[in-house]
> 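Here you go, one structure.
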Amino acid sequence: MEIIHTKSFDSSLKKLKRHHLEYDNLFKILDIIENVDDFKQLCNLPQVSMYGFERLKHDKNDFYSFNPKKTGGKIRLIVKPKEENVVEIFLIDISFDHYLDFDPKRVIYYE
């Protein structure tokens, strides 16, 4: 699967470097994403349940999240499959307060 970065993700990645465990696990999650063929296969992998992979609710239901700490915590990697293309996924943002600091309208995509 092809990964597409957003400006929002890249700026939040810099903040994540202070959280060593989550930072290391982020690259394990990205490796899992890169090694699947499509989004449907990603959803069915047992490894993603380890990282609390879930769809967000309400106004954020187009987005999915991973928990890079595995055992709880507030940090989440937020992703979104590219519209009508299940072989590409956007890395949207890293939420540091269990989605309270995430607003889909403020996501900045590269052109």
Side-chain angles (χ1 to χ4, degrees):
M1 178 178 280
E2 183 180 337
I3 294 176
I4 304 168
H5 291 243
T6 63
K7 289 181 181 180
S8 305
F9 171 78
D10 289 342
S11 65
S12 61
L13 181 61
K14 293 175 186 177
K15 295 180 202 172
L16 188 65
K17 289 182 181 180
R18 293 181 291 203
H19 304 272
H20 301 288
L21 176 65
E22 290 89 343
Y23 186 76
D24 292 340
N25 285 340
L26 171 69
F27 290 100
K28 293 176 186 175
I29 293 169
L30 296 180
D31 188 50
I32 291 169
I33 293 171
E34 287 176 343
N35 289 306
V36 295
D37 295 327
D38 57 32
F39 189 72
K40 185 177 179 180
Q41 184 182 9
L42 176 68
C43 293
N44 294 323
L45 279 179
Q47 296 95 316
V48 297
S49 62
M50 249 180 12
Y51 293 103
F53 182 69
E54 64 183 0
R55 188 175 197 164
L56 303 185
K57 297 177 183 173
H58 308 295
D59 64 328
K60 301 172 181 140
N61 67 354
D62 291 340
F63 302 91
Y64 294 79
S65 75
F66 290 92
N67 181 349
K69 192 169 183 182
K70 295 186 201 177
T71 58
K74 294 184 173 188
I75 298 175
R76 300 290 189 274
L77 166 65
I78 300 172
V79 299
K80 179 183 177 184
K82 190 169 181 183
E83 290 184 32
E84 298 182 28
N85 188 345
V86 294
V87 297
E88 293 178 312
I89 191 166
F90 286 108
L91 298 180
I92 298 293
D93 198 3
I94 297 172
S95 169
F96 289 90
D97 194 16
H98 200 263
Y99 316 122
L100 295 177
D101 58 347
F102 172 62
D103 182 2
K105 295 174 187 163
R106 292 183 14 203
V107 174
I108 304 167
Y109 294 90
Y110 286 109
E111 303 203 22

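Just so it is clear, the structure is predicted and the values come from calculations on it, not from any experiment.
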> Is any side-chain heavy atom of Glu54 closer than 4.5 Å to one of Ser65?
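Result yes, sub-4.5 Å side-chain heavy-atom pair found.
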
> In terms of heavy-atom contacts, does NZ of Lys60 have more than 12 from other residues, nucleotides or ligands at under 6.0 Å?
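More than 12 within 6.0 Å, yes.
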
> Let me confirm one number: the CZ-OH distance from Phe9 to Tyr110, rounded to the nearest 0.5 Å.
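Those atoms lie 10.0 Å apart.
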
> Roughly how far, to the nearest 0.5 Å, is NZ of Lys74 from NZ of Lys69?
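Rounded to the nearest 0.5 Å, the NZ-NZ separation comes out at 11.5 Å.
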
> Are Val107 and Ile89 joined in one hydrophobic group, where the rule is that I, L, V, M, F, W and Y side chains link up if heavy atoms are under 4.5 Å apart?
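Shared cluster, no.
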
> Taking Val86 as the starting point, is it possible to reach Leu45 by hopping between hydrophobic residues whose side chains are less than 4.5 Å apart?
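Yes, Leu45 connects to Val86 through the hydrophobic network.
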
> For Phe90 and His5, I'd like to know if the aromatic rings sit close, meaning centre-to-centre distance below 6.0 Å.
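Between His5 and Phe90, which both carry aromatic rings, the centre distance is not below 6.0 Å.
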
> What is the minimum heavy-atom distance between Asp37 and Gln41, and which atoms define it?
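Closest heavy-atom pair between Asp37 and Gln41: N-OE1, 2.8 Å.
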
> If you group Ile, Leu, Val, Met, Phe, Trp and Tyr by side-chain heavy-atom gaps below 4.5 Å, do Leu56 and Ile33 land in one group?
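Result: no, two separate clusters.
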
> Which heavy atom of Lys15 sits nearest to which heavy atom of Phe96, and what is that distance?
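Between these two residues, the closest heavy atoms are CB-CZ, 3.6 Å.
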
> Would Ile4 and Tyr109 count as a side chain to side chain contact (heavy atoms under 4.5 Å, CB included) if you check the C-alpha gap in whole Å, the side-chain angles of each, and the deciding distance to 0.1 Å?
CA-CA 9 Å; Ile4 304 168; Tyr109 294 90; over 6 Å; no

> After noting the C-alpha distance and the side-chain angles of Phe53 and Gln47, does the key distance pass the side chain to side chain contact (heavy atoms under 4.5 Å, CB included) rule?
CA-CA 9 Å; Phe53 182 69; Gln47 296 95 316; over 6 Å; no

> Working to the nearest 0.5 Å, report the span between OG of Ser12 and CG of Asp101.
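One gets 9.0 Å once the value is rounded to the nearest 0.5 Å.
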
> Is there a side-chain contact between Tyr64 and Leu42, using heavy atoms and a 4.5 Å cut-off?
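Of all side-chain heavy-atom pairs linking Leu42 with Tyr64, none is under 4.5 Å.
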
> Using a 4.5 Å cut-off on heavy atoms from C-beta on, say whether the side chain of Ile78 contacts that of Phe63.
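Yes, side chains in contact.
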
> Ile3 versus Leu91: any side-chain heavy-atom pair under 4.5 Å?
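They are in contact (side-chain heavy atoms under 4.5 Å apart), so the answer is yes.
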
> Side chains of His19 and Ile75: closer than 4.5 Å at any heavy-atom pair?
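His19 vs Ile75: side chains touch.
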
> Check whether any side-chain heavy atom of Phe102 lies under 4.5 Å from a side-chain heavy atom of Asp97, and answer yes or no.
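When only atoms from C-beta onward are counted, Asp97 and Phe102 do not touch, as no gap falls below 4.5 Å.
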
> Can you tell me how far CG of Asp59 sits from NZ of Lys105, rounded to the nearest 0.5 angstrom?
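These two atoms lie 7.0 Å from each other.
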
> Would you say that Glu34 contacts Met1 through its side chain, given a criterion of any heavy-atom pair below 4.5 Å between the two side chains?
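They are not in side-chain contact.
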
> For Lys70 versus Asn25, what's the shortest heavy-atom pair and its separation?
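It is CE-ND2, 4.3 Å.
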
> Looking at every non-hydrogen atom in both residues, tell me the closest pair between Arg76 and Pro68 and how far apart they are.
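Arg76 and Pro68 have their closest heavy atoms at CA-CD, 4.1 Å.
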
> Closest approach of Asn61 and Arg55, non-hydrogen atoms and distance?
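Asn61 and Arg55 have their closest heavy atoms at O-NE, 2.6 Å.
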
> Give the minimum heavy-atom separation between Val79 and Phe66, together with the two atoms involved.
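Residues Val79 and Phe66, closest heavy atoms: CG2-CE1, 4.1 Å.
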
> Begin from the C-alpha positions of Leu26 and Leu13 and carry the test side chain to side chain contact (heavy atoms under 4.5 Å, CB included) through to its verdict.
CA-CA 10 Å; Leu26 171 69; Leu13 181 61; 3.3 Å; yes

> Just do the side chain to side chain contact (heavy atoms under 4.5 Å, CB included) check on Leu16 and Glu22 with the steps written out, would you?
CA-CA 7 Å; Leu16 188 65; Glu22 290 89 343; 3.9 Å; yes

> Identify the residue among Thr6, Leu77, Ile108 that makes a side-chain contact (heavy atoms from CB on, under 4.5 Å) with Ile92.
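One option only clears the test, and that one is Thr6.
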
> With rounding to the nearest 0.5 Å, note down the distance linking CD1 in Ile94 to OG in Ser8.
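OG of Ser8 is found 11.0 Å from CD1 of Ile94.
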
